[in-house]
Colleague: 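This is the structure, below, for whatever I ask next.
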Amino acid sequence: MQTEFKTVIIGAGMSGLAMAARLKLAGETSFTLLEKAGSLGGTWRDNTYPGAACDVQSHLYWFSFGDQPDWSRVYAAQPEILHNIELFAEQYELEQFIQFGVEVAEASWCDERQCWVVRTSDGREIRAQVLITAWGQLNQPSYGSIQGRESFAGTSVHTARWPRDLDLAGKRVACIGSGASAVQLVPAIAGQTAHLTVFQRSPNYLLPRQDRALDTGERQALRDDPARYTELRESLYRERDGWAAGLALDGNDVREQFEKICADFLESQVPDPELREKLRPAYEFGCKRVLITDDYYPALMRDDVDLVDERIDRVEPGGIRTADGQLHEVDVIVYATGFRTLEVTGGVTITGRGGRPLRDAWGDGPQAYLGMTVSGFPNMFMLYGPNTNLGHHSVLFMVESQIDYVLRAVEALREQSAAAFDIRPEVLAEYNETIQRQLSATAFAGSCTSWYKTATGRVVNNWPGSIEDYRQATKDFVLEHYEVLGK
Ligand code: NAP
């Protein structure tokens, strides 16, 4: 069976839904969203582990268009974010455009017809002029390549695939990992388990969160006065965008201030010098994602929680064996081990002009002009694509700049009566050279390992600058940067 749309969007998470809403607002109706799961929400649907929340302030963690949510906390938890995403989809009547349970197996550019042919795993073919990928960077769980995982006799779970009915009461639980997911999970389950062992491979920089519920008066005041809401959002925006300076590899005031806040925080929250030293990072601030939490260190100090920083050798039927030979017997292993982030293909096989696979074009790791377009893959626009992740702010602002850019491109296609635009290889190469040079001066290129970079040290996930820098870079759709096809 074949169907045709002007635009296919893959993924009904926040980016895909915002793109759809903006297309609709622009009067476009010939589009469809293909969503492999049975419901919308992307990462906020998938990450339901106890304590899951956003480490960007709620009032910053939303789109700049349309109604602003009535957030209940300074930092919203996952259920509230997902609920607001559902309300957003309802408000823009987006459900009618979404095909749920439709996994994209392959998307190929057809040179002859100059359109995308999207093949779904249920055997259908959907043709579209424009392909927008909105599968995010953090959707394919990684289990950390730990040997013996399958041999474990107890229960294994990944934070991003949390079973609804998992009961940890009375269980000996291991949490592997100490990243953004772990620092939220650990305080939420500590005290519920018989014992909790946290396996840390690398310590992280932690900043205080100062989360709190907003009282009814504050919420009412924000509801009643949109200007006040905008002011709050703008001040948070400016404050956080200023943090980008702290991510420079060379020392500067902003970075020194952050390092001091983190060191003081560790000092004040962890009186035990031995534990404190285990928790002190030995790499540059910002090299790995800086974590924002008030209750992680206190959770580690509980009598029923241990921190193990010995390397994991393997998983065995009875538990986790560390390199010192000790077997840590547990009933449940939680893999808070993050995601496979270096592919940025959402698990979809993509083929461009002349049948060239995207993975060949990306032999040296993912790269895209402004994080969105790749030479040889006409009319493919990636939302939250390569080098558009941030270490300091809400990525939704990056996505909104991308949506604006895509809308300009689509408008230019119409004006030019063209079939497609293909980014010129020399434009992409020069762009990439520039941002890689800029990235080499950021903490992301520092001495740690992280999900931001390949084994050769090339940073493929992160943007080197501030959001304002990205807004500037994306503000115009420059036709000359593209080869125009089918005019
Ligand atoms: P992550 O930051 O990649 O952390 C994975 C953890 O697992 C790290 O501590 C890592 O250690 C450890 N690990 C991996 N393989 C291991 C192994 N073989 N042995 C021992 N430890 C191992 O993953 P995440 O915590 O799921 O977070 C991923 C990203 O999701 C974050 O950076 C953030 O962008 C996003 N996130 C955001 C929020 C939010 O509040 N907005 C919340 C959760 C997640 P190493 O550090 O040594 O590699």
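Here, residue 1 is the first one in the sequence, and each next residue gets the next number. Indexing begins at 1, ligand by ligand and atom by atom, following the structure's order.
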Colleague: Give the intermediate values and the outcome of ring-ring contact (aromatic ring centres under 6.0 Å, His included) for residues F397 and Y237.
Modeller: CA-CA 10 Å; F397 289 99; Y237 175 92; 4.9 Å; yes
Colleague: Is A53 close enough to touch ligand 1? Criterion: a residue heavy atom under 4.0 Å from a ligand atom.
Modeller: yes
Colleague: Does ligand 1 have any atom sitting under 4.0 Å from a heavy atom of Y49?
Modeller: yes
Colleague: Pairs of nitrogen or oxygen atoms closer than 3.5 Å, one from T159 and one from ligand 1: do any exist?
Modeller: no
Colleague: So does R359 have more than 12 non-hydrogen atoms from other groups sitting under 6.0 Å from CZ?
Modeller: no
Colleague: Can you check which of G179, A336, C54, A160 brings a heavy atom nearest to atom 7 (O) of ligand 1?
Modeller: A336
Colleague: For atom 48 (O) of ligand 1, what's the nearest protein heavy-atom neighbour? Residue, atom name and distance, please.
Modeller: R201 NH2, 2.9 Å
Colleague: For ligand 1, which is the ligand I care about here, please tell me if W44 has any N or O atom under 3.5 Å from one of the ligand's N or O atoms.
Modeller: no
Colleague: Which residue owns the protein heavy atom closest to atom 35 (C) of ligand 1, what's the atom, and how far is it?
Modeller: L138 CD1, 3.7 Å
Colleague: Could you tell me whether some N/O pair between W451 and ligand 1 is separated by less than 3.5 angstrom?
Modeller: yes
Colleague: Check whether the ring centres of H328 and F199 lie less than 6.0 Å apart, and answer yes or no.
Modeller: yes
Colleague: Show the atoms of ligand 1 that are less than 4.0 angstrom away from any heavy atom in G338.
Modeller: 3 (O), 5 (C), 23 (O), 24 (P), 26 (O)
Colleague: Regarding atom 40 (O) of ligand 1: of the candidates D55, I81, L185, which has the closest heavy atom?
Modeller: D55
Colleague: Considering both backbone and side-chain atoms of A180, is one of its nitrogen or oxygen atoms within less than 3.5 Å of a nitrogen or oxygen in ligand 1?
Modeller: yes
